[in-house]
Each structure stands twice: as structure tokens, then as C-alpha cells.
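Inspection log for the structure reproduced underneath, given as C-alpha cells.
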Amino acid sequence: KTLDGENWAEYQKIQKGGTPYRELKSCGGAKATLEMGRSLVDDDYSAGHYLSAVHGVSLFSLGLPIGLRESDAMFDVLMRMKGGEMPSEIQEARGRLIDAMVDGHKYVYGKKVILFGESDFVMGMASFLNEIGVVPVVCATGSKVKGFKEKLADVLSDTDLDQVTILSGVDHSEIENAAMKSGADMIMGSSKGYPMAKRMEVPLLRLGFPIHDRFGGQRILHIGYEGALRLFDTIVNTCLQTMQEKSETGYSYI
């Protein structure tokens, strides 16, 4: 909310809201904990592991719910906890995503992408790209993540890993060195990838954080079925725009 608050009469250093202490204290009596982020799976010091070990709270370790499979995993856990049928609006959102993926698959299949950012974001996006047939030829994060390559391999089950350069604990110059050799069609990551995209003459899909050279970056929806649908539309339209720009004659419909 810090990046997307309302208009105030006076500047506020800290916005209202947040999680009160009384709610934190009640976590020990929770029915379950959903811990989202594959980098946390082996972290015995995470809040989820603590609640499980000390208070016996059931722990479900999931990836970020980006794309179809990871969103399915999240909603599966939620429905197991809640019981009953999946709400119709959620089912319909899932159906719209699948329909769009079928319609747009021919435009994105086989495209090569440079993917960089925070480690869990990269793993979530890599999972999504894998299921739509896009190859993340470079997956890079500035964080030093234990087992980053192995965790990425788990979500890239349909991708030949020989095509993928996986980098952990690197800076932007190292990412660009790998990117220049990749033959990528586009870059996905924060605004910090713009100089690299300009030099490579490929489009940059601004995702993750920070997005400081476009308006409304804090409102980009990444997660859940609706987020995946928006991401897919953006990827397809970027491919179409690139095709139009490179065409000598152009075209006005698909």
C-alpha cells in the first residue's frame, strides 16, 4: 500500500493499515500456513517452519501463484482447507486463462526470453513461461539462493535445460553478458533492464520491481488466474507488435 495509497491532505511517513500485533499473536492457533516462495522451502528459520515446529500449524510450501500450475496448487490447498466446490468466479477465471492460452499459443511458442529479478519472481515466471512454450534462455537473480538451479529445474519440466543459463548472485553486467549470447526475442524484468534491451534491440516487458519509467507499475497484476491472463495478453501483444514493426508491408488484423 505504500506505493499505491490514496490522496492525503498531509504527507504520511507511514500509512495506516498493516497487520496488528494481536493478529500476529493469534497465528499459533491458525488452521494452516501457506508459505509462498520456492526460495523458502529449505529455510528452517521461516515463519511457516516456526509455526509448524512450535505450534503444530500445518504448513503448505508453495511457489508464487504465477501461471496456471502454481495457481492451481494454491487454490487446491485453499479448497482443501475450506471444503466444498470451487467458487464459480474462480472456475470461470481459470477457464478464460486456458482459452486464451489455446488461442495465443501459436504466437508465443518457441520464443526466447531473458528473465531477471527477485528469485521467487523469476521462479514463478519461469514456471509460467514453461507452460506456454516460451523458453527462458537466461534466468538470473541478484540474490544468492541455495539450490537455485535445482529449484528452477523443478518448474522447467518441459524445457531443455541445456538451453537455459541460470545465474544467481549476479549483477546487471553479468546478466547482459549472458543475454548478448542468447539470441533472445525479449526481456522480462524491471525497468533496470531498459539499457540492455536498447542495446540488444529487443522489447522489454516491465515486470516485477522496480518499474520507475512507466506509470502504474505498482498495479500490474502477476498472480492468480487473472494475473496470468494479463501477463499472457501482454506477452502475445508484444510478439505481435514486434512482428508488425519488422514487417515491410505490415498488417491490420491477426
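The basis for the numbers below is simple: all heavy atoms, side chains too, and nothing from hydrogens, waters or symmetry mates. Keep in mind that this is a model prediction, so the values were computed, not measured.
Not a single ring-ring contact (aromatic ring centres under 6.0 Å, His included) links His212 to another residue, sequence neighbours left out. Every residue meeting the ring-ring contact (aromatic ring centres under 6.0 Å, His included) condition with Tyr225, not counting sequence neighbours, appears here in chain and number order: Phe75. Applying the salt bridge (charged side-chain N to carboxylate O under 4.0 Å, His left out) criterion to Asp72, with sequence neighbours excluded, gives Arg94.
The side-chain hydrogen bond (donor to acceptor under 3.5 Å, both in side chains) contacts involving residues 186-195 comprise Ser191-Asp213, where partners must be two or more places apart or lie in separate chains. Sorted by first then second residue, the side-chain hydrogen bond (donor to acceptor under 3.5 Å, both in side chains) pairs that include residues 111-120, not counting sequence neighbours, are Ser39-Asp120.
Of the inter-residue distances, the one linking Leu68 atom CG with Leu97 atom CG reads 5.5 Å to the nearest 0.5 angstrom. With rounding to the nearest 0.5 Å, the separation of CG in Asn130 from CG in Leu156 is 5.0 Å. In this structure, Thr165 OG1 and Glu174 CD are separated by 13.0 Å, a value rounded to the nearest 0.5 Å.
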Distance-only donor-acceptor hits, side chain of residues 18-32, under 3.5 Å, sequence neighbours excluded:
residue	atom	partner	partner atom	Å
Ser26	OG	Glu23	O	2.7
Lys31	NZ	Met81	O	2.5

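Side chain of Lys151 to backbone of Lys146: a donor-acceptor contact under 3.5 angstrom is found.
Minimum heavy-atom separation, Arg69 to Asp158: NH1-OD2, 3.6 Å.
Salt bridge present: Glu70 and Arg38 bring a charged side-chain N and a carboxylate O closer than 4.0 Å.
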